[in-house]
Amino acid sequence: MTLKEEMKFLSNPRFWISFCLAWTVAAHLLFLIAEMFLWTTPLVQEKLLGGFSIEQKAEILARNIGLYNGFLSAGALWGLLAMNPQIPTMKPDVFILLCAFIAGVFGSISLGRPTAFVLQSLPAIIALLLIWLDSRKKIIE
């Protein structure tokens, strides 16, 4: 088997969609650990939230809690709507990627730096674009 044949999977949009989804899973697991268990450690307090006062750090955390509760509410509403066969629903990966995109934009705004956008929104945008292109390809074929 040639190198070109071995690397063929790289041209498959599904590979990159899966890669971006896996990135989203890993990033959010790391955020979960940082926000739930390591919040008071120097790593999180100084490296991730350096330059913010205690009040600002509490406000950032509270806003993130609110955002994620909004995602839970949207997911529950999505579940309710999915029970009605007359209402079209979106795929779970699209819903989660939209949430990750919103979280990255919100995080970058609240932190005042692009880190959250790069880690969360950018992979979500890439995956959503690839999902859309892949679905268009199936329609055309």
Donor-acceptor contacts, no H, no angles, side chain residues 33-40, under 3.5 Å, sequence neighbours left out:
none

Cut-off 3.5 Å, no hydrogens considered: what does the side-chain donor-acceptor table look like for residues 68-93, sequence neighbours left out?
{"residue": "N69", "atom": "ND2", "partner": "I65", "partner atom": "O", "Å": "3.1"}
{"residue": "W78", "atom": "NE1", "partner": "M90", "partner atom": "O", "Å": "3.4"}
{"residue": "N84", "atom": "OD1", "partner": "Q86", "partner atom": "N", "Å": "2.9"}

Just distance, no hydrogens or angles: give the donor-acceptor pairs under 3.5 Å from side chains in residues 95-105, sequence neighbours left out.
none

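Here I54 contributes atom CD1 and L49 contributes atom CG; the two are 12.0 Å apart, rounded to the nearest 0.5 Å. In this structure, CG on L130 lies 10.0 Å from CG on L21, to the nearest 0.5 angstrom.
For residues 18-29, the pairs satisfying side chain to side chain donor-acceptor pair (under 3.5 Å) are H28-Q120, with sequence neighbours left out.
Connection of I60 to L30 is not established within any shared hydrophobic cluster, with ILVMFWY side chains joined at heavy-atom distances below 4.5 Å, either directly or through further cluster members.
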Where do N64 and F106 land on the side chain to side chain contact (heavy atoms under 4.5 Å, CB included) test, with the steps shown first?
CA-CA 8 Å; N64 274 297; F106 184 84; 4.3 Å; yes
Side chain to side chain contact (heavy atoms under 4.5 Å, CB included) evaluation trace for F19 with I126
CA-CA 10 Å; F19 176 84; I126 292 167; over 6 Å; no
May I have the step-by-step check of side chain to side chain contact (heavy atoms under 4.5 Å, CB included) for F117 and I125, ending in yes or no?
CA-CA 10 Å; F117 182 84; I125 290 169; 4.0 Å; yes
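Side chains of S53 and Q56 form a contact here, defined as non-hydrogen atoms less than 4.5 Å apart.
The two residues F31 and L119 have their closest heavy-atom pair at CZ-CD1, 4.2 Å.
Every residue two or more places apart in sequence or in another chain that forms a side-chain hydrogen bond (donor to acceptor under 3.5 Å, both in side chains) with E59 is listed here: R63.
Within the hydrophobic cluster formed by Ile, Leu, Val, Met, Phe, Trp and Tyr side chains joined at under 4.5 Å, directly or through other members, L29 is accompanied by V25.
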